[in-house]
Amino acid sequence: MYTFDPKWLEKLDAMRASGQEPYPSAVGLVPTHTSAELHTACEGSLDPKTVIPGEVAVAGRVMFRNVMGKAMFLRLQDRAGFIQVYARREEVGEAAFSVLKGIDIGDFVWAHGTLMRTKTGELSVQAKDGKFAAKNLSPFPDRFHTLSDVELRSRQRYVDLFMNPESQATFRTRSAVVRYIRDFFHARDFIEVETPMMQTIPGGATARPFITHHNALDIDLYMRVAPELFLKRLIVGGMERVFEVNRNFRNEGLSHKHNPEFTMLEFYWAWATYKELMDLTETLLSGVCVQVTGGHQIKFNDMDIDFTTPFRRADMDVLISEATGLSLHELRDSARMTAFWVEKNGSTDALPHTFGRWWEKLFEHYVEPNLVNPTFVTGFPAEISPLARRSDGDPDRTDRFELYVARWELANAFTELNDPVDQAERFAAQVKAKDAGDAEAMHFDADYIRALAYGMPPTAGEGIGIDRLVMLLTGRTSIREVILFPTHRPEAHG
RNA sequence: GAGCCCAUAGCUCAAUUGGCAGAGCACCGGACUCUUAAUCCGUAGGUUGUAGGUUCGAUUCCUACUGGGCUCACCA
């Protein structure tokens, strides 16, 4: 239930009683220019009427209002910025002026007239007429303080967007990032595709899925945790270069960098390896950084990050060795790593038993917190890479990299495993882990094995977290600041 | 899922050791023809997140609950 404030409803009655429709159609209320178009056109001109001599019409939400007896100023906000309207009673007439005096902060208003500058030089529309376009019925937030309540800002994004221009700017940047990415791949002969959000077998990542139900088929479906296995089916089908920018759903905790639904770019490139992907990723990320920030250097939290190419490339075990002092030889010895961990951290709880799991743990603990500038980390153990191709010459490792920026994983990529027999064995191992209680382990996807059995050309594929990329490029430190409507608990009522 | 912190008017914030719950903006009424955080005068706005407890007396202290923030875990 939403309860209207009777005080504000009375305003509607009063307007209608005086012949004013509070919610007219747009007919006759269409602006001729946006605020920014007028400011741009008249920049540097002392007398804007010489630039645009005729009448202009502007429209927007009233964000500032100053009524002074027989004259008034309104500042209208439209999608491009602000424009001031100056209305004098002697010019708009008694009737129209008294209508305009009834304007509240937050109302939508249309006005037309000629351009002028005030004595302080502000470009303004000197009104010949003005009309209500849509009435606001809510008391307005304090406009001298930014709306600071993070919860309110994301629950009521509509308020955040009109109160905090920088919030709107964040989402415009997000749009620019996605657009850049689409153009980037189209220019390289990739095609954009859409694969199932609802899957009978979830796959492509180790994560807990959401489950939903299809009534007509009477089957449970899983919201996808990744599009990977479908995109690779397209490679089998001969499409060779595909990408998808879309939502994934993971049934996991919320945090400043996790939302249950989040946006991933995934792309697959036949006849390429993870090494070409590193080159492509550098070009893409440094390019989008320049596109939306104007340069290669950004600041994020207290970190200075440089997207100048080339990015650093380093093997996982080399980085772990540097950070821990353990030799590469010792990093193949689980017992040695266990002793090291117990010595440094004391804890003996739930320690790994294999070198692959140990690398994962040591990397997260000792290396990841120091990876501020973009760094391609390579040489991942096969054990923790169930969909990646084993490296020639080292079957315990894979042709895989993760890109780290600002102490986060931003991208994950590898030369794809296209050996159907190996893939079937790795699925079987995942199923075994699942049966042993690992809720995030993968299912056995027999149709995917069937697809691979037809032959998949050598292919490399990658996923990039769009939300995190946008966070970096906008300096927003919470994922809720870059997702328009992030997931919330329902509001308490009563 | 765990720990710590927060919740006062529509918004931003006060309230002295536990002693009459306040201000600015928004809203309402009035004055004002270049304001831009307009100014000036006046009114109204509250079960202090919810439910209990301690106390002569609770916004203040205690408990539980609800919502949120930060950190951790899981993960991208």
Side-chain angles (χ1 to χ4, degrees), chain A residues 3-8 10-11 14 62-75 82-92 97 101-102 104-107 116-124 126 136-156 159-160 163-164 204-208 225-226 247-266 349-350 360 364 368 402-405 408-412 438-440 463-469 471 477-480 486 488-494:
Chain A
T3 311
F4 288 100
D5 184 335
K7 196 167 66 181
W8 290 82
E10 285 167 19
K11 285 167 174 262
V62 175
M63 296 302 283
F64 171 81
R65 183 196 58 152
N66 182 10
V67 182
M68 300 171 297
K70 299 189 183 67
M72 69 172 73
F73 291 92
L74 304 171
R75 182 172 305 129
F82 297 91
I83 184 72
Q84 182 167 261
V85 172
Y86 177 49
R88 295 192 301 168
R89 189 173 72 172
E90 68 181 33
E91 238 171 320
V92 301
F97 192 77
K101 274 173 94 166
D104 293 320
I105 300 280
D107 291 348
M116 60 166 284
R117 283 196 189 275
T118 64
K119 69 179 185 187
T120 56
E122 179 165 350
L123 182 68
S124 306
Q126 186 156 7
N136 160 51
L137 293 184
S138 297
F140 229 57
D142 180 346
R143 65 180 189 277
F144 307 132
H145 300 88
T146 55
L147 200 62
S148 62
D149 185 327
V150 180
E151 181 190 359
L152 184 73
R153 288 182 46 218
S154 61
R155 280 193 196 274
Q156 300 185 35
V159 177
D160 178 46
M163 290 305 294
N164 297 323
T206 50
R208 307 173 76 131
V225 294
R247 227 70 65 78
N248 290 343
F249 306 87
R250 298 190 184 175
N251 207 338
E252 288 155 359
L254 287 78
S255 81
H256 66 103
K257 51 179 182 173
H258 298 90
N259 196 63
E261 52 177 315
F262 63 101
T263 303
M264 281 278 282
L265 161 69
E266 283 207 15
D349 296 344
E360 194 175 31
E364 280 171 16
E368 192 175 313
E402 287 188 348
L403 175 65
Y404 282 82
V405 184
W408 290 345
E409 181 191 339
L410 183 63
N412 180 20
D438 182 351
E440 293 176 356
I464 297 179
I466 297 299
D467 308 283
R468 289 189 180 178
L469 177 60
M471 287 169 71
T477 55
S478 166
I479 198 167
R480 290 190 166 188
H488 279 281
R489 279 198 175 83
E491 284 180 87
H493 290 284

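Quick note on labels: first sequence line is chain A, next is B, and so on, each numbered from 1.
For A:R65, the CZ atom counts as densely surrounded, since its 6.0 Å shell holds more than 12 non-hydrogen atoms of other residues, nucleotides or ligands. At most 12 non-hydrogen atoms from other residues, nucleotides or ligands lie less than 6.0 angstrom from CZ of A:R208.
Pair assignment for B:U55: none, as no Watson-Crick or G-U wobble contacts are both less than 3.5 Å. Under the Watson-Crick and G-U wobble criteria, each requiring two contacts below 3.5 Å, nucleotide B:A21 is left unpaired. Of all nucleotides present, none satisfies the Watson-Crick or G-U wobble test against B:A14 with each distance under 3.5 Å. Pairing partner, B:A7: B:U66, with both Watson-Crick or wobble hydrogen-bond distances short of 3.5 Å. Figure legend. B:A2 is base-paired to B:U71; pairs are counted as Watson-Crick or G-U wobble with both atom distances under 3.5 Å. A 3.5 Å limit on both hydrogen-bonding distances identifies B:A31 as the Watson-Crick or G-U partner of B:U39. Searching all strands for a Watson-Crick or G-U wobble partner of B:A44 with both distances below 3.5 Å returns nothing.
In this structure, the NZ atom of A:K11 is 12 Å from the C1' atom of B:G29, given to the nearest Å. Atoms CG (A:N251) and P (B:A76) sit 14 Å apart, rounded to a whole Å. The separation between A:R75 atom CZ and B:C34 atom P is 17 Å, rounded to whole Å. Rounded to whole Å, atom C1' of B:C34 lies 10 Å from atom CZ of A:R88. Atom C1' of nucleotide B:U35 and atom NZ of A:K119 are separated by 9 Å, given to the nearest angstrom. In this structure, CZ of A:R153 is placed 16 Å from P of B:G68, rounded to the nearest angstrom. Per the geometry, CD1 belonging to A:I479 stands 12 Å off P belonging to B:C70, to the nearest Å. Rounded to whole angstrom, the span from the CZ atom of A:F249 across to the C1' atom of B:A76 amounts to 14 Å.
Side-chain atoms of A:E90 lie closest to B:U33 of the nucleotides B:C11, B:A76, B:U33. With distances taken from any side-chain atom of A:R155 to the nucleotides B:C74, B:G68, B:U33, the minimum falls on B:G68. Among the nucleotides B:U35, B:A73, B:U33, the one closest to the side chain of A:S255 is B:A73. You'll find that the side chain of A:P141 is closest to B:C11, out of B:C11, B:G68, B:A76. For A:M68, counting side-chain heavy atoms from C-beta on, the closest listed nucleotide (B:A76, B:C34, B:C27) is B:C34. Of the candidates B:U33, B:C11, B:C28, the closest approach to any side-chain atom of A:Y86 belongs to B:U33. Of the candidate nucleotides B:C34, B:A26, B:A76, B:C34 has the atom nearest to the side chain of A:M116. Listed candidates were B:C34, B:A76, B:C27. Nearest to the side chain of A:F73 is B:C34. Considering only the side chain of A:H256, B:C70 comes nearest among B:C11, B:C28, B:C70.
Comparing the same atom, P, in B:U50 and in B:C56 gives a spacing of 25 Å after rounding to whole Å. Across B:A21 and B:U63, the matching C1' atoms stand 25 Å from one another, rounded to whole Å. Spacing between B:A15 and B:G30 at atom C1', rounded to whole Å, works out to 32 Å. The C1' atoms of B:U59 and B:U47 are separated by 13 Å, rounded to the nearest whole Å. To the nearest whole angstrom, the two C1' atoms, one in B:U60 and one in B:G69, are 22 Å apart. Atom name P, nucleotides B:G46 and B:C34: the rounded distance is 37 Å, in whole Å. A distance of about 27 Å separates the P atoms of B:C72 and B:U12, rounded to the whole Å. Comparing B:A7 with B:G19, their C1' atoms are spaced 24 Å from each other, to the whole Å.
Across all strands shown, A:N259 has heavy atoms under 4.0 Å from base atoms, whether or not it also approaches the sugar-phosphate. Residue contacts for A:W408: at a heavy-atom cut-off of 4.0 Å it reaches no nucleic acid atom on any strand shown. Within 4.0 Å of A:T118, counting heavy atoms only, lies at least one base atom of the nucleic acid. Heavy atoms of A:M63 sit nowhere under 4.0 angstrom from any nucleic acid atom. As judged by a 4.0 angstrom heavy-atom cut-off over every strand, A:D104 is placed among residues touching the sugar-phosphate backbone only.
Taking the nucleotide of RNA chain B with the nearest heavy atom to each of A:E122 and A:G69, the more 5' of the two is matched to A:G69. Across the interface with RNA chain B, nearest-nucleotide mapping of A:Q84 and A:P260 shows A:Q84 to be the residue nearer the 5′ end.
Distance alone, capped at 3.5 Å, is enough to place a donor-acceptor pair between the A:D107 side chain and the A:N136 backbone. Of the possible polar contacts, one joining the A:D467 side chain to the A:T263 backbone as a donor-acceptor pair under 3.5 Å is found. With hydrogens and angles disregarded, a donor-acceptor distance shorter than 3.5 Å links the side chain of A:R250 to the backbone of A:V225. In terms of modelled atom types and a separation under 3.5 Å, the side chain of A:R468 and the main chain of A:E409 share a donor-acceptor contact. In terms of modelled atom types and a separation under 3.5 Å, the side chain of A:S255 and the main chain of A:K257 share a donor-acceptor contact.
Put simply, the side chain of A:D142 and the base of B:G10 share no donor and acceptor less than 3.5 Å apart.
Between the side-chain ring of A:F140 and the base of B:G10, no stacking contact exists by the 5.5 Å and 30° definition.
Checked against ring-ring contact (aromatic ring centres under 6.0 Å, His included), A:F73 has the following partners two or more places apart in sequence or in another chain: A:Y86.
The side chain of A:R65 places an N or O atom within less than 4.0 Å of a non-bridging phosphate oxygen (OP1 or OP2) of B:C27. Phosphate proximity of B:C74 to A:R208: absent, as no side-chain N or O sits under 4.0 Å from OP1 or OP2.
Interatomic distance, CD of A:E122 versus CZ of A:R75, reported as 5.5 Å (0.5 Å rounding).
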